[in-house]
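As the structure is a computational prediction, the values presented were derived from the model and not from experiment.
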Amino acid sequence: MTASAAGRSTYLWIAGMVVALDQVTKALVEDFMTLHESRTIVEGLVRLTYVQNRGAAFGILSEAGLPYQSLLFSVVSLLALLAIALYAWRMPAQSRLPQTALALVMGGAVGNLLDRARMGYVIDYVDVYWGPHHWPAFNVADSAITIGVALLVLDILRNPQADESAKAEVAVQPAGPGE
């Protein structure tokens, strides 16, 4: 294993744990609940409700009925995963907060992609509500993606000059022969 790969093993572990936890919880929901069944966890706030999401995150476009919708979302997910992986690989392994954030996003994306590839939909089950107001049902993968994105925003707000200094470094590097 190269030094660069060894330094990233923690992030691969994080992504793998997100995928494992996501798939285990979805299997439990599928095995022990019927479609649309609800079980109260915290009265007036949280229920487990088994739904099959054929749309994007948080049910966006679930009723769109687009031709090849599952395939379309799978291809978009694969392209996003590739872009995130390339970005994470180019970022220093020592950049712990953004690397952790990207690992969470990638683990969540893989978890939902596995569902979509296997079944054509994503299993969602966390139903948060307050009175008549409901947040769209979600799962561990969606939570990891949301937390990862929030951590990336936090890192940008905490370190706005880091992005600019990285761009300046690239611009200042001397040109090689023939450039």
Side-chain angles (χ1 to χ4, degrees), residues 4 7-29 41-42 44-62 64 72-117 121-167 169:
S4 182
R8 297 173 195 286
S9 62
T10 300
Y11 310 120
L12 291 172
W13 184 85
I14 291 168
M17 289 306 297
V18 168
V19 173
L21 182 60
D22 177 65
Q23 292 298 295
V24 166
T25 56
K26 288 172 179 175
L28 289 170
V29 166
I41 303 299
V42 177
L45 191 61
V46 180
R47 300 191 276 235
L48 293 182
T49 302
Y50 176 15
V51 296
Q52 296 174 348
N53 175 4
R54 297 182 188 284
F58 301 108
I60 296 168
L61 297 175
S62 61
L72 174 67
F73 287 139
S74 295
V75 169
V76 169
S77 294
L78 279 171
L79 292 173
L81 270 170
L82 179 62
I84 292 166
L86 289 171
Y87 181 66
W89 190 256
R90 295 187 71 197
M91 180 183 298
Q94 298 78 17
S95 300
R96 289 194 309 242
L97 184 60
Q99 285 284 10
T100 300
L102 292 172
L104 289 169
V105 171
M106 287 177 54
V110 168
N112 282 341
L113 183 60
L114 288 172
D115 279 13
R116 207 172 292 288
Y121 56 84
V122 173
I123 294 174
D124 286 334
Y125 52 87
V126 179
D127 181 16
V128 177
Y129 62 99
W130 183 272
H133 309 289
H134 279 257
W135 185 258
F138 59 96
N139 56 42
V140 169
D142 297 334
S143 299
I145 291 168
T146 302
I147 292 166
V149 169
L151 289 175
L152 285 172
V153 169
L154 176 67
D155 184 58
I156 291 167
L157 293 174
R158 187 184 74 157
N159 238 344
Q161 73 283 359
D163 189 41
E164 292 305 315
S165 64
K167 287 178 187 172
E169 244 178 64

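- For the side chain to side chain donor-acceptor pair (under 3.5 Å) test, residues two or more places apart in sequence or in another chain that qualify with T25 are Y125.
- The side chain to side chain donor-acceptor pair (under 3.5 Å) search around Y50 returns Q52, not counting sequence neighbours.
- Looking at residues two or more places apart in sequence or on another chain, you find no side chain to side chain contact (heavy atoms under 4.5 Å, CB included) involving R90.
- In this structure D127 satisfies the side chain to side chain donor-acceptor pair (under 3.5 Å) test together with R47, T49, H134, sequence neighbours excluded.
- Not counting sequence neighbours, the partners of V24 by the side chain to side chain contact (heavy atoms under 4.5 Å, CB included) test are L28.
- Rounded to the nearest 0.5 angstrom, D124 CG and L48 CG are separated by 12.0 Å.
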Check step by step if side-chain contact (heavy atoms from CB on, under 4.5 Å) holds for L45 and Y129.
-> CA-CA 5 Å; L45 191 61; Y129 62 99; 5.7 Å; no
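- Of all heavy-atom pairs spanning A93 and Y11, the tightest one is O-OH, 2.8 Å.
- Note that CG of L152 is 6.0 Å distant from CD1 of I156, once rounded to the nearest 0.5 Å.
- Every residue two or more places apart in sequence or in another chain that forms a side chain to side chain contact (heavy atoms under 4.5 Å, CB included) with L151 is listed here: L97, A101, L104, I147, L154.
- With sequence neighbours excluded, the residues forming a side chain to side chain contact (heavy atoms under 4.5 Å, CB included) with M91 are Y87, S95, P98, Q99, L102, listed by chain and number.
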Enumerate, atom names and distances included, each donor-acceptor pair closer than 3.5 Å involving a side-chain atom of residues 106-115, sequence neighbours excluded.
| residue | atom | partner | partner atom | Å |
| --- | --- | --- | --- | --- |
| N112 | OD1 | K26 | NZ | 2.9 |
| N112 | OD1 | N139 | ND2 | 3.2 |
| N112 | ND2 | D142 | OD1 | 2.8 |
| D115 | OD1 | Q23 | NE2 | 3.2 |
| D115 | OD2 | K26 | NZ | 2.9 |
| D115 | OD2 | I123 | N | 3.1 |

